[in-house]
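Because the structure is predicted, anything quoted here is derived from the model rather than measured.
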Amino acid sequence: VLGAEILPTGTLRRRSGGLIDALPGYHEGAWWVQDAAAALPALLLGPSKDRRVLDIGAAPGGKTAQLAAAGAAVTALERSPKRAEFLVRNLGRLSLDATIVVGDALEWRPPPPFPLVLFEARCPEPGTFRGPPDGRGAKSPADVSRLAEVQARLLAAAVDLVEPGGRLVYAVCSLQPEEGPQRIEALLASEARIERDPIRRGELRGLPVDLTPMGEVRTLPCDLAASGGLDGFFIARLRRRA
């Protein structure tokens with residue numbers, strides 16, 4: 001009906017344009033908008049059915065919807081009340097359930113912590129090259145440094161929200177090393193409770209993307225070029241020591 005190609009992550013990609021809310025199935029909640037690369041972090045958490053999962057910075061809700069549709073008991077943490085309202089509307093359209101919490105990950109501490117935590121750092125361009133071009137290359141070195149500091153604080157806070165033995169997946173839509181591999185190296189150097197949980201090639205659903213020797217994923221705009229490419233992402237998986 002949508003005239004779409006099915007990508008390895010399960011994403012449907014259609015080449016023709018048109019208003020999103022005018023496409024078949026939108027108002028019926030048959031699908032949601034999410035880039036193929038953005039679908040990887042939730043998949044790399046591993047099996048989530050009937051498990052408690054925390055999605056940090058959840059709005060607009062693509063990953064929350066992805067996890068809820070897989071049968072997870074999702075808590076969606078969002079600092080912005082306005083963005084949280086958008087998340088509620090999206091889940092309502094999709095007839096999916098999640099616990100929505102308006103709060104700051106730097107301060108919010110639930111009892112108990114979660115076995116699975118997903119944290120995608122919010123950032124502007126230049127990661128999402130498939131989006132509108134106006135912001136491409138807009139980050140200055142000062143912007144990168146500032147964002148990396150914010151991400152460092154939030155990533156450290158995310159560790160507190162993972163139960164011993166639990167998994168934490170960190171993702172960022174950026175090609176900057178300060179926001180990706182350097183961020184993970186700094187965390188491992190300062191946080192004894194965390195260790196790498198390397199991602200394996202077989203978990204990537206056949207996507208021809210870069211998997212580093214450390215077991216971290218880097219997607220690039222040139223990946224899947226014949227199908228329209230991917231957003232630039234860095235994804236790392238960690239485990240809190242038991």
Task: Where Q151 and V172 come nearest, the two heavy atoms and their spacing - done: NE2-CG2, 3.9 Å
Output side-chain donor-acceptor pairs under 3.5 Å for residues 102-111, partner residues at least two apart or in another chain, one line each.
{"unit_1": "D104", "atom_1": "OD1", "unit_2": "L106", "atom_2": "N", "d": "2.9"}
{"unit_1": "R109", "atom_1": "NH1", "unit_2": "A105", "atom_2": "O", "d": "2.8"}

Task: T99 vs V101 side-chain heavy atoms within contact, under 4.5 Å - done: yes
- [ ] Flag yes if V159 and V150 sit in one hydrophobic cluster, no otherwise; membership is Ile, Leu, Val, Met, Phe, Trp, Tyr, and two members link when side-chain heavy atoms are under 4.5 Å apart.
- [x] yes
Task: Transitive ILVMFWY side-chain link L12 to L23, under 4.5 Å - done: yes
Open item on the list: Does R93 qualify as a cation-pi partner of Y26, given the criterion of NZ or CZ under 6.0 Å from the six-membered ring centre and within 45 degrees of its axis?
Closed with: yes
- [ ] Look at the side chain of R239 and the backbone N and O of G166, then say whether any donor-acceptor pair between them is shorter than 3.5 Å.
- [x] no
- [ ] Give a yes or no on whether L91 and L54 share a hydrophobic cluster (residues Ile, Leu, Val, Met, Phe, Trp, Tyr; joining criterion: side-chain heavy atoms under 4.5 Å apart).
- [x] no
- [ ] Validate the cation-pi geometry between R218 and F234: distance from NZ or CZ to the six-membered ring centre under 6.0 Å, angle to the ring axis within 45°.
- [x] no
Task: Sidechain-backbone polar pair: D231 side chain, P221 backbone, donor-acceptor under 3.5 Å - done: no
Open item on the list: Please report the interatomic distance CZ(R167) to OG(S48), rounded to the nearest 0.5 Å.
Closed with: 11.0 Å
Open item on the list: Rounded to the nearest 0.5 Å, what separates atom OG1 in T219 from atom CG in D210?
Closed with: 9.5 Å
Open item on the list: Within the supplied structure, the quantity of interest is the number of heavy atoms (other residues, nucleotides, ligands) at a distance under 6.0 Å from D97 CG; does it exceed 12?
Closed with: no
TODO: Please report the closest heavy-atom contact between A58 and L87, naming both atoms and the distance.
DONE: CB-CD2, 3.9 Å
Open item on the list: Treating D223 as the side-chain partner and G229 as the backbone partner, does any N or O pair qualify as donor plus acceptor under 3.5 Å?
Closed with: no
Task: From L2 atom CG to I6 atom CD1, the distance as rounded to the nearest 0.5 Å - done: 10.5 Å
- [ ] With the side chain counted from C-beta on, respond yes when I199 and V169 share a heavy-atom pair under 4.5 Å apart, and no when they do not.
- [x] no
Task: Steps toward side-chain contact (heavy atoms from CB on, under 4.5 Å) verdict (L155, L187) - done: CA-CA 8 Å; L155 188 53; L187 177 70; 3.8 Å; yes
Open item on the list: According to a hydrophobic-cluster definition based on side-chain heavy atoms being under 4.5 Å apart (Ile, Leu, Val, Met, Phe, Trp, Tyr only), do I100 and L116 belong together?
Closed with: no
Open item on the list: salt bridge (Lys or Arg N to Asp or Glu O under 4.0 Å) for R196 and E216? Distances and angles first, verdict last.
Closed with: CA-CA 9 Å; R196 277 193 174 90; E216 297 162 347; 3.1 Å; yes
- [ ] Can you measure from CD1 (I56) to NZ (K63) and round to the nearest 0.5 angstrom?
- [x] 12.5 Å
Open item on the list: Tell me whether R240 is salt-bridged to E195, with the criterion being a basic N under 4.0 Å from an acidic carboxylate O.
Closed with: no
Open item on the list: With a sphere of 6.0 Å drawn around CZ of R52, does it hold more than 12 non-hydrogen atoms of other residues, nucleotides or ligands?
Closed with: yes
- [ ] Would you indicate whether the side-chain heavy atoms of T9 and L43 approach each other to under 4.5 Å?
- [x] yes
Open item on the list: I want to check something: taking the side chain as every heavy atom from C-beta on, are T64 and V74 in contact at a cut-off of under 4.5 Å?
Closed with: yes
Task: Side-chain donor or acceptor of E78 paired with backbone N/O of A59 under 3.5 Å - done: yes
Task: Sidechain-backbone polar pair: E28 side chain, A30 backbone, donor-acceptor under 3.5 Å - done: no
Open item on the list: Can you give me the closest heavy-atom contact between L154 and F119, atom names plus distance?
Closed with: CB-CZ, 3.4 Å
- [ ] Might you point out which heavy atoms bring P8 and L207 nearest each other, and give the distance in Å?
- [x] CG-CD2, 3.8 Å
TODO: Of all the heavy-atom pairs spanning P115 and E163, show the shortest one and how long it is.
DONE: CB-OE2, 3.4 Å
Open item on the list: Membership question, hydrophobic clusters at under 4.5 Å side-chain separation (ILVMFWY): are L204 and I235 in the same one?
Closed with: yes
TODO: Evaluate the side-chain proximity of V217 to F233: yes if any heavy-atom separation is below 4.5 Å, no if none is.
DONE: no
Task: CZ-CD distance between R205 and E203, expressed to the nearest 0.5 angstrom - done: 9.5 Å
Task: Gap separating the CG atom of D160 from the CG atom of L168, nearest 0.5 angstrom - done: 11.0 Å
- [ ] May I have the step-by-step check of side-chain contact (heavy atoms from CB on, under 4.5 Å) for Q66 and Q34, ending in yes or no?
- [x] CA-CA 9 Å; Q66 187 180 355; Q34 185 179 28; 3.0 Å; yes
Open item on the list: Can you confirm whether P198 sits close enough to M214 that some side-chain heavy atom of one is under 4.5 Å from a side-chain heavy atom of the other?
Closed with: no
Task: Step-by-step side-chain contact (heavy atoms from CB on, under 4.5 Å) determination, T11 to D35 - done: CA-CA 7 Å; T11 302; D35 187 78; over 6 Å; no
Open item on the list: Looking at every non-hydrogen atom in both residues, tell me the closest pair between L118 and P41 and how far apart they are.
Closed with: CD1-CB, 3.6 Å
TODO: List the steps, then state whether side-chain contact (heavy atoms from CB on, under 4.5 Å) holds for L147 with R183.
DONE: CA-CA 11 Å; L147 284 167; R183 182 57 36 234; over 6 Å; no
